[in-house]
Amino acid sequence: MDNSVPFAPFGNNTEQGAWFAIGNYEMAMKNIQTAQVDMTWQQLPSHAGGLFSYYEGYGGHIDNRSFKIKTRYLSDYTWKDTPTDTPMYLFSSVPAHTDGTPAAQQKLSHETSLKNIPLYEMKPVYIPEEKYDYNIHAKSGFFSCMMEEPGMSFGEKTYRYLFSGQLIKPSFRKKKTQMLNPPLLLHWLNG
């Protein structure tokens with residue numbers, strides 16, 4: 001994917017566990033120790049309270065620190081977790097704490113920098129450049145970022161559930177209002 005063009009790194013319907021891989025042939029040939037990923041976000045919520053204000057109606061407690069990722073590296077055809085002691089946050093805030101941790105309820109920054117991703121255990125690849133590609137035959141030379149938290153990810157499923165509940169509520173006004181459980185609601189809408 002060309003990183004000079006905007007894209008949704010985790011796809012359009014993000015779920016917990018969604019991930020994207022990063023690779024560069026020159027980087028993959030070297031015995032690198034750490035990597036840094038700099039992201040510029042578009043269309044972030046502009047709420048003064050950041051993601052806390054944005055997700056307030058979703059229930060639970062979602063804020064700027066809720067979105068955490070796990071980094072992994074590819075070695076011997078297997079994704080292995082990078083050794084890290086501190087959480088990696090997907091978003092930054094304005095201002096952030098001095099250690100880089102986002103403020104829980106501040107405006108979001110459009111810039112995020114994932115620094116010091118440890119890759120010292122990722123083995124270099126020794127293949128011709130035309131064969132360097134991420135596919136089922138890739139042995140090494142890539143690292144990835146996986147959505148670890150929150151469980152609802154960006155809330156697409158939660159939103160659809162809450163939205164459909166709001167649409168159905170008026171039809172139950174004459175009867176006793178009762179919230180339907182998601183499986184019954186989905187069965188009713190699809191059935």
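Index from 1, following the sequence.
Here Tyr77 is tied to no hydrophobic group at all, with no ILVMFWY side chain closer than 4.5 Å.
Hydrophobic clustering places Val37 together with Trp41 (ILVMFWY residues linked when any side-chain heavy atoms are closer than 4.5 Å, directly or through intermediates). Taken together through direct or relayed side-chain contacts under 4.5 Å among Ile, Leu, Val, Met, Phe, Trp and Tyr, Ile117 and Phe10 form part of one hydrophobic cluster. A continuous path of hydrophobic side-chain contacts links Met27 to Met39 [ILVMFWY only; heavy atoms under 4.5 Å]. Cluster membership for Tyr54 and Ile62, using ILVMFWY side-chain heavy atoms within less than 4.5 angstrom, is shared.
Classification of the Tyr134-Trp19 ring pair by plane angle, with boundaries at 30° and 60°, yields perpendicular.
The 12-atom threshold is not exceeded at CG of Asp85, counting heavy atoms of other residues, nucleotides or ligands nearer than 6.0 Å.
Lys115 is linked by a salt bridge (Lys or Arg N to Asp or Glu O under 4.0 Å) to nothing, counting only residues two or more places apart in sequence or in another chain. In terms of the ring pair (Phe, Tyr, Trp, His ring centres under 6.0 Å) criterion, His110 has no residue partners (sequence neighbours excluded). For Phe67, the ring pair (Phe, Tyr, Trp, His ring centres under 6.0 Å) test picks out Tyr55, Phe91, Phe154, with sequence neighbours left out.
Of the inter-residue distances, the one linking Asn24 atom CG with Lys30 atom NZ reads 9.0 Å to the nearest 0.5 angstrom. Between atom CD of residue Gln106 and atom CG of residue Leu108 there is a gap of 10.0 Å, rounded to the nearest 0.5 Å. In this structure, the separation between CG on Asn116 and CD on Gln36 is 7.5 Å, given to the nearest 0.5 Å. If you take CG on Leu114 and CD1 on Ile22, they are separated by 8.0 Å, rounding to the nearest 0.5 Å. Taking NZ from Lys131 and OH from Tyr25, the interatomic distance works out to 11.0 Å, rounded to the nearest 0.5 Å.
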Checklist entry - Run the side-chain hydrogen bond (donor to acceptor under 3.5 Å, both in side chains) check on Ser93 and Asn64 step by step: do they pass? => result CA-CA 7 Å; Ser93 62; Asn64 297 345; 4.7 Å; no
Item to check | Trace of the ring pair (Phe, Tyr, Trp, His ring centres under 6.0 Å) decision for Phe52 with His61 | outcome: CA-CA 7 Å; Phe52 178 78; His61 183 82; 5.3 Å; yes
Item to check | Steps toward side-chain hydrogen bond (donor to acceptor under 3.5 Å, both in side chains) verdict (Ser109, Ser92) | outcome: CA-CA 5 Å; Ser109 169; Ser92 297; 5.4 Å; no
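For the pair Lys68/Leu90, no side-chain contact is recorded, criterion being any heavy-atom separation below 4.5 Å from C-beta on. Counting heavy atoms from C-beta on, the side chains of Gln33 and Pro118 never come closer than 4.5 Å. The side-chain heavy atoms of Asp81 and Thr71, taken from C-beta on, include no pair separated by under 4.5 Å. At least one side-chain heavy atom of Thr86 sits under 4.5 Å from a side-chain heavy atom of Thr84.
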Extract all donor-acceptor atom pairs below 3.5 Å that involve side chains of residues 119-130 and protein atoms in other chains or at least two apart in sequence.
residue, atom, partner, partner atom, Å
Glu121, OE1, Tyr73, OH, 2.9
Lys123, NZ, Asp76, OD2, 3.1

Which pairs of donor and acceptor atoms, one on a side chain in residues 142-151, lie under 3.5 Å apart (sequence neighbours left out)?
residue, atom, partner, partner atom, Å
Ser144, OG, Arg72, NE, 3.2
Ser144, OG, Arg72, NH2, 3.4

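Scanning all heavy atoms of the two residues, the minimum distance from Thr101 to Tyr89 falls at CG2-CE1, 3.8 Å.
Side chain of Tyr132 to main chain of Gly141: a donor-acceptor pair is present (N/O by atom type, distance under 3.5 Å, no hydrogens or angles).
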